[in-house]
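These notes are about the structure you will find just below.
Note on naming: letters A, B, ... go to the chains in the order of the sequence lines (proteins, then strands), and numbering restarts at 1 for each one.
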2 protein chains.
Amino acid sequence: MKKRLTLKLIAKELDVSISTVSKALRDSAEISEDTRQKIKAFAKLYNYKPNNIALSLKNRKTKTIGVIIPEIVHHYFTTVISGIEQVANEKGYHVIICTSNNSFDKEVINMEILANGSTDGFILSVAKETQQKGDYHHLTEVIEQGMPLVMFDRVIDEINCDKIIIDDTLGAKKAVKHLVDKGCRRIGLITTIDYVSVGKLRTQGYIDALNESNIAFDENLILKVEDFDHSESEIQSFLNNKHMDAVFAVNEHFAIYAIKAFQEQGLKVPEDVQVIGFTDGELSKRFIPSLTTINQHGEEMGAQAARLLIKKLENEDAEDEPFETIIIETGLVERNSTKG
Amino acid sequence: MKKRLTLKLIAKELDVSISTVSKALRDSAEISEDTRQKIKAFAKLYNYKPNNIALSLKNRKTKTIGVIIPEIVHHYFTTVISGIEQVANEKGYHVIICTSNNSFDKEVINMEILANGSTDGFILSVAKETQQKGDYHHLTEVIEQGMPLVMFDRVIDEINCDKIIIDDTLGAKKAVKHLVDKGCRRIGLITTIDYVSVGKLRTQGYIDALNESNIAFDENLILKVEDFDHSESEIQSFLNNKHMDAVFAVNEHFAIYAIKAFQEQGLKVPEDVQVIGFTDGELSKRFIPSLTTINQHGEEMGAQAARLLIKKLENEDAEDEPFETIIIETGLVERNSTKG
DNA sequence: GACCACTACGAAAACGTTTTCGTGTTGACA
DNA sequence: TGTCAACACGAAAACGTTTTCGTAGTGGTC
């Protein structure tokens with residue numbers, strides 16, 4: 001096992017001081033051309049690489065971004081990470097990813113650990129449990145310590161920081177209006193219970209679209225799924241005998257369960273009933289029929305989040321600049337679960 | 001912006017030396033009960049947390065595992081990460097994830113950066129490009145530096161390190177035998193070109209199963225997909241007029257394209273033709289018909305990889321212990337693309 | 001010869017820890 | 001009174017860098 005080369009070792013080997021070595025490698029004019037060349041040659045030959053940890057300690061910068069997300073086994077979040085990574089790497093940062101598993105405690109612990117020097121700033125999408133609890137002390141703490149924080153997707157209004165969101169309401173409205181345009185009038189909604197902010201917002205978009213289209217709002221056409229694990233059966237029984245001509249679901253799972261349920265009732269999608277989902281994942285693309293859906297542009301969100309964070313990290317003055325909230329536009333992806 | 005509390009600040013505030021503070025916080029018997037309590041109370045009050053970077057430098061340990069994978073937007077890899085994270089966190093490690101995007105260069109760069117002190121060891125699945133190139137200098141280098149390396153999934157035989165694999169050959173054999181058991185004789189194979197090791201191994205399993213079942217091997221029933229992006233049309237034309245009674249596909253995408261193609265030919269799955277895939281992703285679960293497939297137990301692989309790595313990291317003697325190769329058993333998940 | 005300005009380098013502090021070793025102060029004991 | 005151990009603490013080195021400042025040596029100028 002080869003020992004890693006350090007400045008000290010080079011110095012000893014070449015019989016100069018540590019400072020000389022350091023300066024030579026950084027091309028300081030203080031060092032004569034001769035010694036500089038000698039040192040650089042030696043360093044190159046033995047493949048010297050500065051130790052990141054020592055640099056971090058010295059510079060009080062880790063060049064690392066901490067990302068905390070609710071789950072990793074989740075297509076949308078991975079696209080966001082992908083966007084973060086690309087921008088981060090371009091700018092010489094690397095990325096530590098932690099998952100909260102939607103647990104408040106794990107979110108807090110992860111943030112605390114990363115905040116103890118491992119990370120210069122955070123990109124975060126909060127856990128469901130955190131939203132329910134309404135306890136945000138871990139967020140305010142890192143902000144008070146001067147660590148920049150960018151929230152995305154599931155953001156918290158009360159917290160003062162940069163945010164990247166999609167306009168869930170507008171996206172949902174877009175979806176429902178599309179259904180209206182295709183001639184639908186009895187449009188069902190399959191959503192989540194209200195404390196999940198996106199569920200709430202998308203529900204609002206549904207309502208807005210109906211209002212603007214002068215379609216009466218009918219409580220009976222709305223299902224708020226209680227338990228994700230049993231959503232399939234909940235949806236199946238909800239869809240019975242409602243005589244809808246369309247359904248808008250707030251995620252792709254609900255959408256395909258809806259399609260499945262309709263097909264079991266002998267209805268054809270999109271001929272008899274049309275379906276739109278939210279989130280453009282693997283499932284939406286490959287399912288048969290493939291799903292018309294709202295694309296959240298996760299990669300773009302990640303990229304913007306990283307850009308915003310790095311801007312705050314690198315620009316000293318940026319500290320006093322007001323916080324931004326960037327809204328990423330949603331896109332409507334037309335596929336085969338709606339009429340062409 | 002509050003300054004972070006350090007030992008030095010506490011020392012100054014309480015008018016003792018830095019060493020006293022350090023010892024008191026670590027409950028050293030050297031320090032009198034009185035001062036100890038005083039210091040601990042102060043530290044707690046102002047929420048002192050030791051700086052991880054300083055600790056890393058001092059201990060020459062980062063308590064961090066570097067994970068390098070080809071892609072992050074990929075269900076299987078995320079399950080592996082999930083397993084790694086769970087075990088790592090349990091044992092007080094955190095995880096840095098980098099993606100190579102299947103690029104050799106990016107893989108090399110990522111490893112070099114992480115090896116410069118950011119990480120104690122690596123868990124790696126190599127990029128496709130690396131497999132093609134056959135250039136493994138970055139791997140041998142980190143190993144020579146004494147950093148433990150655990151490879152998973154796509155491993156490289158020539159490299160001497162711990163490995164976690166599934167028995168691709170056996171898994172594939174299992175799948176094909178299942179088809180044989182269901183009465184199939186003309187079984188097609190949809191695989192990748194040979195330099196992707198898993199494609200090769202799974203192809204071997206297919207051949208083994210046929211041999212053992214005394215079914216003649218027919219070159220015409222094998223498709224090696226050249227271009228993933230056009231796999232759908234490749235598969236569609238391949239499947240034309242081959243009169244198969246079953247297909248084994250080496251991943252879930254190929255499997256559903258096969259189903260799609262059959263359905264377009266007016267064949268019913270599983271009644272007329274049965275299909276088995278590999279990798280149990282979202283798609284396999286939700287597709288209609290849901291896919292019978294081989295489960296790779298990604299989470300388990302990740303967990304084992306993390307355990308193996310941490311064992312090497314924590315056990316000084318383990319350094320000389322021989323390298324292990326752990327084979328994770330594949331499981332057959334029966335769903336609706338084969339006959340019940 | 002006195003003064004000055006360069007040049008080329010080294011010493012040391014700093015980042016925040018831990019740990020080894022040294023030392024001043026007690027009190028006990030002969 | 002002198003010796004010694006125990007106690008409680010501090011100084012300093014170390015991890016690997018960067019950077020500020022100090023300085024020995026050289027050569028030129030008057």
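Note on B:Thr6: only backbone sugar-phosphate atoms sit closer than 4.0 angstrom, heavy atoms only; bases stay farther off. Looking at heavy-atom distances under 4.0 Å, A:Leu7 makes contact with a base. Base contact: B:Ser22 has a heavy atom under 4.0 Å from a base atom.
The stretch residues 8-17 of chain A touches DNA chain C through A:Val16, A:Ser17, each having a heavy atom within less than 4.0 Å of the strand. The stretch residues 108-120 of chain A has no heavy atom under 4.0 Å from DNA chain C, so no residue of it qualifies as close. For DNA chain D, the neighbouring residues in residues 25-43 of chain A, judged by any heavy atom under 4.0 Å, are A:Arg26, A:Glu30.
The salt bridge (Lys or Arg N to Asp or Glu O under 4.0 Å) test applied to B:Asp153 returns no partner, not counting sequence neighbours. Here A:Lys63 pairs with A:Glu314 under the salt bridge (Lys or Arg N to Asp or Glu O under 4.0 Å) rule; sequence neighbours left out.
Look at A:Lys40 and A:Asp27 and you find a salt bridge, because one of the NZ, NE, NH1 or NH2 atoms lies within 4.0 Å of a carboxylate O, short of that distance.
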Atom pairs and distances, donor-acceptor, side-chain atoms in residues 298-310 of chain B, under 3.5 Å, two or more places apart:
{"unit_1": "B:Glu299", "atom_1": "OE2", "unit_2": "B:Gln86", "atom_2": "NE2", "d": "3.3"}
{"unit_1": "B:Glu300", "atom_1": "OE2", "unit_2": "B:Gln304", "atom_2": "NE2", "d": "3.3"}

For a quick test of your reading: what N or O donor-acceptor pairs under 3.5 Å do the side chains of residues 112-119 of chain A make, sequence neighbours left out?
{"unit_1": "A:Asn116", "atom_1": "OD1", "unit_2": "B:Arg4", "atom_2": "NH2", "d": "2.6"}
{"unit_1": "A:Asn116", "atom_1": "ND2", "unit_2": "A:Glu112", "atom_2": "O", "d": "3.2"}
{"unit_1": "A:Ser118", "atom_1": "OG", "unit_2": "B:Asn52", "atom_2": "ND2", "d": "3.3"}

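In summary, contact between chain A and DNA chain C, defined as any nucleotide atom under 4.0 Å from a heavy atom of the protein, begins and ends at C:dA8 to C:dG16 in the 5' to 3' direction.
Residue pairs meeting the ring pair (Phe, Tyr, Trp, His ring centres under 6.0 Å) criterion with at least one partner in residues 23-68 of chain A, sequence neighbours excluded, are A:Phe42-A:Tyr46. Sorted by first and then second residue, the salt bridge (charged side-chain N to carboxylate O under 4.0 Å, His left out) pairs with a member in residues 12-24 of chain A read A:Lys23-A:Glu30; sequence neighbours excluded. Pairs engaging residues 103-137 of chain B under the ring pair (Phe, Tyr, Trp, His ring centres under 6.0 Å) rule: B:Phe104-B:His138 [sequence neighbours left out].
Remark: the A:Ser22 side chain and the A:Ser19 side chain contain no N/O donor-acceptor pair separated by less than 3.5 Å. No donor-acceptor contact under 3.5 angstrom links the side chains of B:Ser103 and B:Ser100, judged on distance only. For the residue pair B:Glu33/B:Gln37, the side-chain donor-acceptor check at 3.5 Å is satisfied. There is no side-chain donor-acceptor pair under 3.5 Å between A:Lys91 and A:Asn89. Between B:Glu107 and B:Thr130, the side chains place a donor N or O and an acceptor N or O closer than 3.5 Å (distance only, hydrogens not considered).
For the pair B:Val16/B:Val21, a side-chain contact is recorded, criterion being any heavy-atom separation below 4.5 Å from C-beta on.
Shown are B:Thr79, B:Ile97, B:Val67, B:Ile69; of these, the side-chain contact (heavy atoms from CB on, under 4.5 Å) with B:Ile84 is made only by B:Val67.
Nearest-nucleotide positions on DNA chain D place B:Val21 closer to the 5' end than the other of B:Val21 and A:Lys23.
Note on the helix from C:dG1-D:dC30 to C:dA30-D:dT1: angle between the axes of the first and last five pairs equals 90°, rounded to 10 degrees.
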